[in-house]
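Report on the following structure.
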Amino acid sequence: MFSAARPWSGGVRANTGLPERRVKEVKPADRVVLRALSYVRRASLKPGFADWRETRRVLRVCRRLDDVPEQELVEEIRTLGKSLLKSGFRGAGFIRATAIVRQITGRKLGMWFHPVQVMGGMALARGRIIEMATGEGKTITTLIPAVLAAMTGHPVHVVTVNAYLAARDRETLAPVLDAFGLTHAVISSDTDYAERPGLHNTDVVFITNSDLTFDYLRDRIAFQAQRTALNTLVQQRFASTSRQEPRNLVRGLGFAVIDEVDSILIDEAQTPLIITAEKPGDDNARALEDTVLTFARTLEEGRHYKTHFKERRIELLPAIDPLIESFRTPFPDLATAQSRRDAVGHALSALHLYLRDEHYILTDDGLAIVDEFAGRVLPDRQWQKGLHQMIEAKEELERSPERETLAQITYQSFFNRFLWFSGMTGTAQEVARELHTGFDRRVFRLPTNKRPRRRLFRTRLYGTSDRRWRAVVRHTAKMVAAGRPVLIGTRSVKASEHISTLLSQSGLDHVVLNARQNAEEAEIVARAGQPGQITVATNMAGRGTDIPVKTEVEDKGGLHVVLTEFHNSARIDRQLIGRTARQGQRGTAVCFVSLDDPLFSDMLPLFNRALRGGLGVGPFRLPSTLAELQRNLAQARAERQGRRQRRSTIQRAEKLQKSLGFAPDNI
């Protein structure tokens with residue numbers, strides 16, 4: 001047997017009688033490019049003839065079920081579930097079961113899966129990651145894999161990025177799940193821990209990624225405690241009483257459908273999830289932090305330390321060593337030079353790297369961390385190693401107790417522990433290679449059901465932020481005067497409140513959606529498509545939100561999205577722009593950026609400084625090509641940095657797991 005990938009050695013192909021196929025020699029540099037392109041092609045797929053043929057078969061079978069009573073369909077799919085458990089999701093049984101799900105969904109919700117949704121649902125059931133454009137109906141597409149997996153007896157978790165989406169999806173899909181006799185529940189951060197075991201024991205659980213992972217970690221901690229207790233009880237011959245504390249994940253990790261899979265497995269995977277316990281209090285801790293902060297404020301940047309904004313890291317320079325050595329305090333925790341260096345590093349980070357209304361906000365309960373990618377508050381989260389308490393001291397807040405690590409895990413490790421999982425998002429192509437290498441999942445790119453009618457205007461670049469914000473206000477007033485709703489997307493809470501002030505000064509009524517308005521999210525989103533409505537939002541409005549638009553609004557051009565700053569990831573920009581022109585509707589979007597935006601100044605400092613020195617002082621708008629050039633270069637660099645950080649996180653987790661593998665009670 002000879003390989004067709006290499007040239008034959010003779011003048012005639014072995015065992016064929018055909019003349020030798022001449023192969024053009026490929027240069028080493030070109031070979032690298034060809035391999036990279038081939039790898040990207042293998043990481044993502046488009047529907048082929050077999051996929052469309054299978055989808056058409058589902059639609060034909062579904063039409064023949066119009067007159068079949070609902071109870072007969074439910075009994076049939078239960079029988080098919082048993083056969084699917086043996087044969088897998090393939091063949092005629094899988095086709096018919098999918099058609100039954102489509103039929104019941106149409107009867108209960110009045111929404112019939114279009115061909116793209118059928119194809120996507122079948123791909124999800126088989127463990128693929130699908131890229132489905134925003135507005136194509138990912139929520140009800142979840143029903144196909146969720147129902148089929150539940151009918152085979154596997155526990156199903158529908159994983160979303162926030163509690164609002166989990167509750168919304170459960171409420172939307174409940175009639176269909178009830179029709180099939182499947183139990184279902186929703187779990188959020190407000191759910192009492194005593195109730196969670198019973199909720200996890202239902203057939204389909206709607207839950208956020210953080211709640212699910214932390215429940216798993218709590219189970220592991222409880223399991224370790226039970227095992228320790230069991231060893232003691234066995235010695236005392238009372239082993240029968242060892243199962244006293246119920247576990248959260250009663251039915252285990254079977255099948256998971258991950259909504260916004262790139263956000264969970266890529267964006268949020270840069271740091272591990274950690275369960276902690278409070279350390280004993282220290283009365284001198286606040287005085288210690290105040291002393292270190294006072295010392296840190298006397299240091300000069302460039303002489304004593306260097307700030308790496310894009311890596312969010314402080315580098316202490318050699319000139320600081322004599323100051324560290326002479327910095328004597330009565331606190332035992334700062335007795336050594338290394339402990340003083342660490343404390344000063346945390347103080348400098350708190351002062352210069354972690355900013356209010358960007359990385360955190362102040363609430364009635366104290367300091368709350370803001371998720372950079374989702375724009376939402378992360379409840380019960382703390383920065384580690386005393387950094388959180390140092391930031392509280394900077395803000396003159398009551399100090400929260402320090403915590404020690406009890407258990408930790410990465411999303412990469414956690415989701416690979418399911419029997420199988422799948423995911424969906426509107427922006428997976430950019431990270432297709434990473435999803436393929438890290439999770440062995442190919443991205444299945446689906447077409448849109450209707451021809452897209454979104455119009456994206458050219459990017460508008462300004463020399464300074466002030467000019468950019470004034471231009472945004474003028475542009476918004478023009479769109480509102482035309483009777484169109486406007487969604488203004490910002491990168492931080494601080495930016496959203498700044499543009500809100502400018503809009504108010506111009507007499508433009510608007511609403512703000514950021515980390516401070518979590519409870520009002522559904523109401524604000526529902527009104528965002530009204531004629532003349534102005535909504536200022538952080539990334540909260542970028543994922544999973546559906547802004548309804550009336551016919552009168554679409555006749556005037558549809559929802560208009562204004563992006564006021566590029567994010568480190570192009571996927572997040574695409575998610576926000578995807579709020580408009582959904583399902584074939586009309587809509588427009590435009591980007592307003594400035595040369596002093598953090599993406600440009602952090603990722604391309606020299607290039608950006610040259611542009612600002614040569615062009616940024618003028619009163620006019622700068623060429624759009626410069627904005628696109630900077631954007632492509634800066635986002636590519638930021639993505640590379642993110643990949644390196646995620647690889648480092650995985651490597652640290654694997655190293656920790658190996659070291660714990662020798663411990664008798666590791667979790």
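Positions are given from 1 along the sequence. No hydrogens, no waters, no symmetry mates; every other heavy atom, side chains included, goes into these values.
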Under 3.5 Å, which donor-acceptor pairs link side chains of residues 547-564 to any protein atom two or more places apart or in another chain?
residue, atom, partner, partner atom, Å
E554, OE2, R586, N, 3.3
H560, ND1, T588, OG1, 2.6
H560, NE2, H475, NE2, 2.7
T564, OG1, G489, O, 2.6

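A salt bridge does not link E434 with R643: every distance from a Lys NZ or Arg NE/NH1/NH2 to an Asp or Glu carboxylate oxygen is 4.0 Å or more.
Smallest separation of non-hydrogen atoms from R454 and I577: NE-O, 3.5 Å. Of all heavy-atom pairs spanning P47 and L446, the tightest one is CG-CD2, 4.0 Å. Of all heavy-atom pairs spanning L595 and G463, the tightest one is CB-O, 3.7 Å. In terms of heavy-atom proximity, A428 sits nearest to V443 at CB-CG1, 3.9 Å. Closest heavy-atom contact between T580 and G587: OG1-CA, 3.2 Å.
Test D573, L599, L576 against H567 for side-chain contact (heavy atoms from CB on, under 4.5 Å) and you get one pass: D573.
For the 3.5 Å distance criterion, the side chains of E565 and T490 fail to qualify, holding no donor opposite an acceptor. Looking only at atom types and distance, the side chain of R168 has a donor-acceptor partner in the side chain of T139 under 3.5 Å away.
Residues N209 and I258 have side chains not in contact (no heavy-atom distance under 4.5 Å, counting atoms from C-beta outward). A heavy-atom distance below 4.5 Å is found between the side chains of H498 and L502.
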Take E260 and T160 through the side-chain hydrogen bond (donor to acceptor under 3.5 Å, both in side chains) test and state the conclusion after the steps.
CA-CA 7 Å; E260 306 299 349; T160 61; over 6 Å; no
Given side-chain hydrogen bond (donor to acceptor under 3.5 Å, both in side chains), test T464 with D466 step by step and report yes or no.
CA-CA 5 Å; T464 64; D466 290 339; 5.3 Å; no
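In this pair, F566 and F600 present their aromatic rings perpendicular. The plane angle is above 60°, beyond the 30 to 60° band.
Every residue meeting the side chain to side chain contact (heavy atoms under 4.5 Å, CB included) condition with L629, not counting sequence neighbours, appears here in chain and number order: F607, L633. In this structure, the salt bridge (Lys or Arg N to Asp or Glu O under 4.0 Å) partners of D357, at least two apart in sequence or on a different chain, are R516. Qualifying salt bridge (Lys or Arg N to Asp or Glu O under 4.0 Å) partners for R451, counting only residues two or more places apart in sequence or in other chains: none. By the salt bridge (Lys or Arg N to Asp or Glu O under 4.0 Å) test, E315 is found to be paired with no residue, residues two or more places apart in sequence or in another chain being considered.
Within the structure, every pair that satisfies the salt bridge (Lys or Arg N to Asp or Glu O under 4.0 Å) test and touches residues 468-490, not counting sequence neighbours, is listed here: R468-D597.
A cation-pi contact, defined as under 6.0 Å to the ring centre and within 45° of the axis, is absent between R467 and Y462.
Formation of a donor-acceptor pair under 3.5 Å by the E430 side chain with backbone atoms of A570 is not found in this model.
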